[in-house]
Amino acid sequence: MVKKLTGLQRQVLGLYRGFLRAARAKAPEDRRRMEAIVAAEFRRNAAAVERKNFMYIEYLLRRGARQLEQMKSADTVALSTFSLRHSSTDASSG
């Protein structure tokens, strides 16, 4: 028996597919890089975000939708990523 997807799961998959479709419209070398960045970002969030954290998942969906609209623009030729690292020493300076 196949397990049905929840509404949020369908939204996440739809967003992922949207990113892949938008990447297809770019130059081949940019496309491969964009697909790799998108896949890595979705995998990272899948591992890091708790499945029951609906508010944060909905936030990520809204943020992803805005990023997708930017990616669809003809002016967008590449993506970049950055990560923030939290350090306990940052809060103690003063």
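In this chain, numbering begins with 1 at the start of the sequence shown. These numbers come from a predicted model, not from an experiment.
Taken to the nearest 0.5 Å, the OG1 atom of Thr6 stands 8.5 Å off from the CD atom of Gln11. The structure places OH of Tyr59 at 12.5 Å from CG of Asn53, a figure rounded to the nearest 0.5 Å. Atom CZ of Arg21 and atom CE of Met71 lie 11.5 Å apart (nearest 0.5 Å). Between the CG atom of Leu15 and the CG atom of Leu60 there is a distance of 9.5 Å, given to the nearest 0.5 Å. How far CG of Leu61 is from CG of Leu68: 11.5 Å, rounded to the nearest 0.5 Å.
Cluster membership for Val12 and Leu5, using ILVMFWY side-chain heavy atoms within less than 4.5 angstrom, is not shared. Taking hydrophobic clusters as Ile, Leu, Val, Met, Phe, Trp and Tyr residues chained together by side-chain heavy-atom distances below 4.5 Å, Phe42 shares a cluster with Phe54.
Contact check on Lys72 versus Glu69 returns a salt bridge, with a Lys/Arg side-chain nitrogen under 4.0 Å from an Asp/Glu carboxylate oxygen. At a threshold of 4.0 Å, the pair Arg33-Glu29 does not count as salt-bridged, since none of the basic side-chain nitrogens sits closer than that to a carboxylate oxygen.
Ring pair Phe19/Tyr16: centre-to-centre distance not below 6.0 Å.
Within the structure, the salt bridge (charged side-chain N to carboxylate O under 4.0 Å, His left out) test picks out the following pairs touching residues 42-64 (sequence neighbours left out): Glu41-Arg44, Glu41-Arg63.
Residue Lys26 comes nearest to Ser73 through the heavy atom pair NZ-O, 2.7 Å, listed as atom of the first residue, atom of the second, then distance.
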